[in-house]
J.: 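The structure is given below, and queries will be raised subsequently.
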Amino acid sequence: MKNFNENANSIAEDAVRYAMQSGIELDYTRESAQGVDAFLGACHNSLDNYDGDEGAKTLWNVAVLFGTYIGEMLLRSGLAEKGFVWIEDDGLPILSIPGKQTAVSPITKAHKRILNGAEDSMKSFVDVVFSAINGELPKTEALRVPDVETASGKKTKRIIFKESDYYISLVAEGKEDFVIFKSHDGFFQFYGIGNQFICEAWFNLGGRRAYALINPDCANAERVNLVTPFGQYTPRKLDILSLEQLKTAVHEYFSNLEEADFLAKVPHEKLKI
């Protein structure tokens with residue numbers, strides 16, 4: 001996407017000038033994401049003023065403007081050194097490394113920030129991208145770089161996906177009662193033993209939400225006995241995942257930055273908190 005790479009800086013500068021009219025200074029630092037949050041948050045609070053196709057078009061143009069600014073800030077702050085450039089993905093400018101699957105979509109995120117509010121925080125988005133850079137993002141092709149905590153109290157900062165099998169095996173072999181992968185927006189936890197596991201995903205941006213992962217191959221909601229490191233437990237049969245299903249769910253958690261994207265990939269039910 002040669003033209004957008006040439007024009008992105010000019011678009012970002014338009015965002016800087018536009019924000020300045022509202023008293024918000026954008027200086028291409030990581031901290032300036034808070035200013036973008038403030039501006040897009042004001043748009044979210046005024047959604048009723050953007051009716052119909054024209055209103056939707058205006059909000060999309062604002063997302064392009066400020067998403068491009070965030071993208072240019074990320075490039076200046078380390079992504080360009082990693083090989084990222086603007087490329088076209090089905091007509092949408094995104095940041096990616098040519099030939100790699102790793103991608104960052106700040107324009108889409110900015111649009112979600114406008115429509116969904118604080119739960120799609122730009123600051124959190126930027127924080128995760130920077131964590132991913134520090135976690136060897138181009139090598140792992142994973143967006144999440146979470147901390148891990150085990151039942152025995154062992155804590156490890158920023159693990160990458162290829163290390164997750166080790167922690168899964170600790171639970172499968174009964175060496176740990178549970179493992180928790182903690183990310184910027186919540187955590188993924190699982191427990192069980194052998195080939196039977198209970199898994200939950202919790203998200204806490206803009207309000208806490210929890211989901212039980214379910215077995216898509218099972219429609220049986222009857223209660224069954226499950227022996228876990230915690231003792232006897234009686235989950236529904238459809239709540240019990242196999243080792244292979246657990247590994248697939250963990251892979252999706254590492255690979256999907258957005259809560260909605262992760263949930264679209266894994267069968268689940270929302271839990272009452």
Side-chain angles (χ1 to χ4, degrees), residues 1 4 7-74 86 88-95 103-130 143 183-186 201-211 256-266 268-273:
M1 185 172 249
F4 197 82
N7 296 332
N9 183 67
S10 176
I11 296 171
E13 283 297 303
D14 286 342
V16 171
R17 288 189 288 270
Y18 200 22
M20 186 62 70
Q21 295 176 16
S22 297
I24 298 172
E25 182 178 355
L26 302 180
D27 58 3
Y28 294 95
T29 62
R30 175 173 176 172
E31 291 72 21
S32 67
Q34 296 180 8
V36 174
D37 259 329
F39 190 94
L40 299 185
C43 294
H44 173 74
N45 294 336
S46 303
L47 284 179
D48 290 343
N49 297 331
Y50 298 93
D51 294 330
D53 292 341
E54 283 302 314
K57 183 178 179 180
T58 297
L59 292 178
W60 175 250
N61 288 338
V62 171
V64 171
L65 202 66
F66 285 90
T68 301
Y69 167 81
I70 289 292
E72 286 295 292
M73 181 270 287
L74 291 171
W86 289 103
E88 182 178 347
D89 179 36
D90 196 23
L92 176 71
I94 63 172
L95 293 176
V104 178
S105 185
I107 293 175
T108 299
K109 184 64 177 181
H111 195 228
K112 289 182 177 181
R113 177 64 176 89
I114 294 172
L115 298 182
N116 300 333
E119 68 184 67
D120 278 302
S121 163
M122 297 303 295
K123 179 183 181 300
S124 294
F125 172 77
V126 167
D127 287 346
V128 170
V129 172
F130 275 105
L143 285 174
S183 297
H184 73 292
D185 59 347
W202 291 65
F203 297 90
N204 57 15
L205 289 179
R208 299 184 73 195
R209 297 169 301 285
Y211 304 90
N256 290 277
L257 179 64
E258 302 288 345
E259 173 184 344
D261 294 338
F262 166 72
L263 294 175
K265 299 288 183 64
V266 296
H268 64 277
E269 289 184 354
K270 191 169 184 178
L271 295 174
K272 293 182 179 180
I273 302 178

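Computed from a predicted model, the values in this text were never measured in an experiment.
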J.: Determine whether more than 12 heavy atoms belonging to other residues, nucleotides or ligands lie under 6.0 Å from atom CG of D27.
T.: yes
J.: Ignoring hydrogens, what is the shortest heavy-atom contact between N204 and G186? Give both atom names and the distance.
T.: OD1-N, 3.5 Å
J.: Are any of the side-chain heavy atoms of I107 and T68 separated by less than 4.5 Å?
T.: yes
J.: Could you check E269, E259, K270 and say which one makes a side chain to side chain donor-acceptor pair (under 3.5 Å) with Y211?
T.: E259
J.: Do the non-hydrogen side-chain atoms of F203 and E258 ever get within less than 4.5 Å of each other?
T.: no
J.: Is the CG atom of D48 crowded by more than 12 outside heavy atoms at less than 6.0 Å?
T.: no
J.: Taking all atoms of both residues into account, what is the closest heavy-atom pair of S105 and L92, and its distance?
T.: OG-CD2, 3.7 Å
J.: Please report the interatomic distance CZ(F262) to OG(S183), rounded to the nearest 0.5 Å.
T.: 10.0 Å
J.: Could you measure the distance from the OG atom of S121 to the NZ atom of K109? Nearest 0.5 Å is fine.
T.: 7.0 Å
J.: Considering the options V128, V126, L95, I70, which one meets the side-chain contact (heavy atoms from CB on, under 4.5 Å) requirement together with V104?
T.: L95
J.: Can you tell me which residue pairs pass the ring pair (Phe, Tyr, Trp, His ring centres under 6.0 Å) test with a partner in residues 104-125, sequence neighbours excluded?
T.: W60-H111
J.: Any chance you could measure Y69, atom OH, to L26, atom CG, to the nearest 0.5 Å?
T.: 4.5 Å
J.: With a 4.0 Å cut-off, would you call K123 and D127 a salt bridge?
T.: yes
J.: Can you tell me how far the CZ atom of F66 sits from the CZ atom of R113, to the nearest 0.5 Å?
T.: 12.5 Å
J.: Give the table of side-chain donor-acceptor pairs shorter than 3.5 Å for residues 9-22, with sequence neighbours excluded, one pair per line with atom names and distance.
T.:
{"unit_1": "N9", "atom_1": "OD1", "unit_2": "R76", "atom_2": "NH2", "d": "2.7"}
{"unit_1": "E13", "atom_1": "OE2", "unit_2": "Y28", "atom_2": "OH", "d": "2.7"}
{"unit_1": "D14", "atom_1": "OD1", "unit_2": "R17", "atom_2": "NH2", "d": "2.4"}

J.: How close do W86 and G71 get, heavy atom to heavy atom, and via which atoms?
T.: CZ2-CA, 3.7 Å
J.: So do the side chains of L59 and L47 get within less than 4.5 Å of each other, counting heavy atoms only?
T.: yes
J.: So which atom in M122 and which in V36 form the shortest heavy-atom distance, rounded to 0.1 Å?
T.: CG-CG1, 4.0 Å
J.: Taking all heavy atoms of G67 and all of P106, pick out the closest pair and write down the distance.
T.: O-CB, 3.4 Å
J.: For the residue pair N256 and L263, establish whether any side-chain heavy-atom pair is separated by less than 4.5 Å.
T.: no
J.: Let me confirm one number: the CD1-OG1 distance from I114 to T58, rounded to the nearest 0.5 Å.
T.: 10.0 Å
J.: Do S124 and D185 have side chains that approach each other closer than 4.5 Å (heavy atoms only, starting at C-beta)?
T.: no
J.: Working to the nearest 0.5 Å, report the span between CZ of R209 and CG of L271.
T.: 13.0 Å
